[in-house]
Protein chains: 2
Amino acid sequence: MLQLLEATVPIQRRIVRAGDTVFQVGQSFGSLYVVNSGFFKMVNLSNEGREQVVGLQFKGDWLGMDGIAAGHYGCDAVAIDTGEIWSVRYDALMQAALRTPALLTALHEAMSRELVRDHDSLLSLCTLPADARVAGFLRYWADALEQRGLRNDQITLFMTRAEIGNYLGMTLESVSRALTKLARGDVIRFIEKGRRDIQIPTVEALTRFIQHTAAPLERAAALH
Amino acid sequence: MLQLLEATVPIQRRIVRAGDTVFQVGQSFGSLYVVNSGFFKMVNLSNEGREQVVGLQFKGDWLGMDGIAAGHYGCDAVAIDTGEIWSVRYDALMQAALRTPALLTALHEAMSRELVRDHDSLLSLCTLPADARVAGFLRYWADALEQRGLRNDQITLFMTRAEIGNYLGMTLESVSRALTKLARGDVIRFIEKGRRDIQIPTVEALTRFIQHTAAPLERAAALH
DNA sequence: CGTTCATTTGAGAAACCTCAAGATTGGTGG
DNA sequence: CCACCAATCTTGAGGTTTCTCAAATGAACG
């Protein structure tokens with residue numbers, strides 16, 4: 001995907017460091033961005049000032065697609081680690097897409113994947129208790145790394161407990177307690193001194209924990 | 001948008017009644033659907049059988065875009081009222097889009113709007129108490145009607161309390177209590193006998209209720 | 001080596017869920 | 001037209017999860 005983009009559209013590259021913003025909510029929409037390396041969080045800001053992490057983007061993911069319809073970006077895109085971000089003018093991309101339909105396919109698939117991911121988040125938020133949501137978060141991160149060919153037995157969270165909690169709809173204390181509980185059950189292990197590096201013996205153990213912790217679903221199944 | 005589609009792409013029309021499914025999770029992806037009339041819910045089903053309403057679609061909205069990347073639909077699309085749904089072959093749409101770029105714009109804006117909407121849902125779920133989420137749900141429905149030129153001072157919910165609760169991440173009892181509270185404060189009114197028809201004196205009152213009920217946000221703002 | 005920020009842990013409070021009992025409604029058949 | 005049935009909805013009481021508040025510990029940095 002990255003190669004395809006490189007070969008067909010003018011690209012601007014930019015190195016970012018943790019805390020840098022790629023674009024901000026309200027800013028006029030003009031370009032889409034693609035993660036070449038690093039990790040990014042998307043932060044939504046409500047009218048009343050409530051702040052919400054609504055997504056995490058990894059290598060190959062697109063940023064800024066929520067700005068296409070409104071004409072301005074719908075959230076802040078913030079780097080949470082050093083990385084490289086590519087930007088593409090949306091109008092240039094559309095021009096190129098008419099000549100190279102594969103570009104269109106790539107863009108549509110990226111948007112589609114993000115929709116699926118959002119729905120997964122909603123599902124977790126609504127149906128899982130706090131502990132399981134944290135486990136699901138770690139599994140998501142591990143899966144994301146694996147899909148990109150990176151080692152996923154050991155992950156570094158570039159987020160504070162507060163950020164993770166915000167993303168998962170719970171307090172930082174609840175995140176801490178959940179991680180402690182996971183470590184006690186040997187589903188995860190803390191490496192070294194810092195508590196940001198987490199070893200994941202097996203992803204299956206995480207999945208088991210989620211299913212085991214999930215509330216009985218007689219009620220949930222009563223939708224019919 | 002509907003006219004544009006009609007003029008440029010082969011369309012298949014279908015009348016649906018409440019409970020009919022447009023497509024089901026896992027079904028092979030081939031077409032996108034557009035709501036001509038009626039109301040639809042998108043239901044996600046997790047591996048373990050947890051069921052989650054992840055979206056509501058109104059006139060002009062597209063259905064099935066979460067199937068583009070995976071090659072199969074990611075959720076069930078279920079009519080919750082009588083309506084008409086149009087279907088368009090995705091490959092035919094792409095063909096037509098190369099000749100009529102406006103089609104592409106329309107599709108991208110539809111996906112973009114859905115991303116924004118999903119992020120709004122996440123924000124509500126994570127930052128608002130149950131009462132305010134119900135108020136936000138009613139405001140969303142009223143806004144959706146208004147944007148489509150329909151009267152929005154009186155809305156008919158084609159969903160049970162259980163479905164609303166599922167969508168909003170709470171139990172049906174909590175939905176009931178929230179509606180009772182809203183009615184007591186005269187933010188909404190029940191019409192007639194049934195409890196499915198709700199009168200909304202002013203959307204502003206709903207907004208005020210949400211802001212008033214929102215928890216103080218010192219904690220939430222501590223993301224920096 | 002002290003300061004600051006992040007994290008952990010505990011105890012009490014609050015929101016929400018669960019369970020249960022009645023009410024209300026809409027539909028169906030007598 | 002009325003009575004009954006099934007489904008939905010409301011309301012209450014008590015339990016559970018999660019949040020809030022507070023304090024202590026640990027790590028990072030000059």
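Treat the numbers as computed from the prediction; the structure is a model and nothing was measured.
- A:S31 contributes no side-chain N or O that, together with a main-chain N or O of A:Y90, makes up a donor-acceptor pair within less than 3.5 Å.
- One atom, CG of B:L128, and another, C1' of D:dC19, lie 16 Å apart when rounded to the nearest Å.
- In this structure a side-chain-to-backbone donor-acceptor pair under 3.5 Å is present from B:T213 to B:F209.
- Looking at the side chain of A:E173, the nearest of the listed nucleotides D:dT10, D:dT11, D:dA22 is D:dA22.
- Within the structure, every side-chain polar atom (N or O) of A:S176 is placed at least 4.0 Å from both OP1 and OP2 of C:dT7.
- Ranking C:dC17, D:dT11, D:dT10 by closeness to the B:T180 side chain, first place goes to D:dT11.
- Phosphate contact (OP1/OP2 of C:dT7, side-chain N/O of A:R161, threshold under 4.0 Å): present.
- With distances taken from any side-chain atom of B:R177 to the nucleotides D:dT10, C:dT7, D:dG12, the minimum falls on D:dG12.
- B:G169 comes within 4.0 angstrom of sugar-phosphate atoms only, judged by non-hydrogen atoms across all strands, and of no base.
- Separating the CZ atom of B:F190 from the P atom of D:dT11 is a distance of 9 Å, rounded to the nearest angstrom.
- A close approach under 4.0 Å does not occur between any side-chain nitrogen or oxygen of B:R196 and OP1 or OP2 of C:dT25.
- Across C:dT7, D:dT18, D:dT8, the shortest atom-to-atom separation from the side chain of A:R195 is found for C:dT7.
- A cation-pi geometry, defined here as NZ or CZ lying under 6.0 Å from the six-membered ring centre and within 45° of its normal, does not hold between B:R14 and B:Y33.
- Of the candidate nucleotides C:dT7, D:dT20, D:dT8, D:dT20 has the atom lying nearest to any side-chain atom of A:T171.
- Looking only at distances, a side-chain donor or acceptor of B:Q52 sits under 3.5 Å from a matching main-chain atom of B:N166.
- The CG-P distance, from A:D197 to D:dA27, rounds to 13 Å in whole Å.
- In this structure, A:L172 places its CG atom 10 Å from P of C:dA6, rounding to the nearest Å.
- If you measure from atom CZ of A:R133 to atom C1' of D:dT17, you get 11 Å, rounded to the nearest angstrom.
- Aromatic ring orientation, A:W141 versus A:F158: tilted (interplanar angle from 30° to 60°).
- Note: CG (A:L179) to P (C:dA6) measures 16 Å, nearest angstrom.
- Rounded to an integer number of Å, the gap from CG of B:L125 to C1' of C:dC16 is 14 Å.
- As a whole-Å value, the separation of A:M170 CE from D:dT20 C1' is 16 Å.
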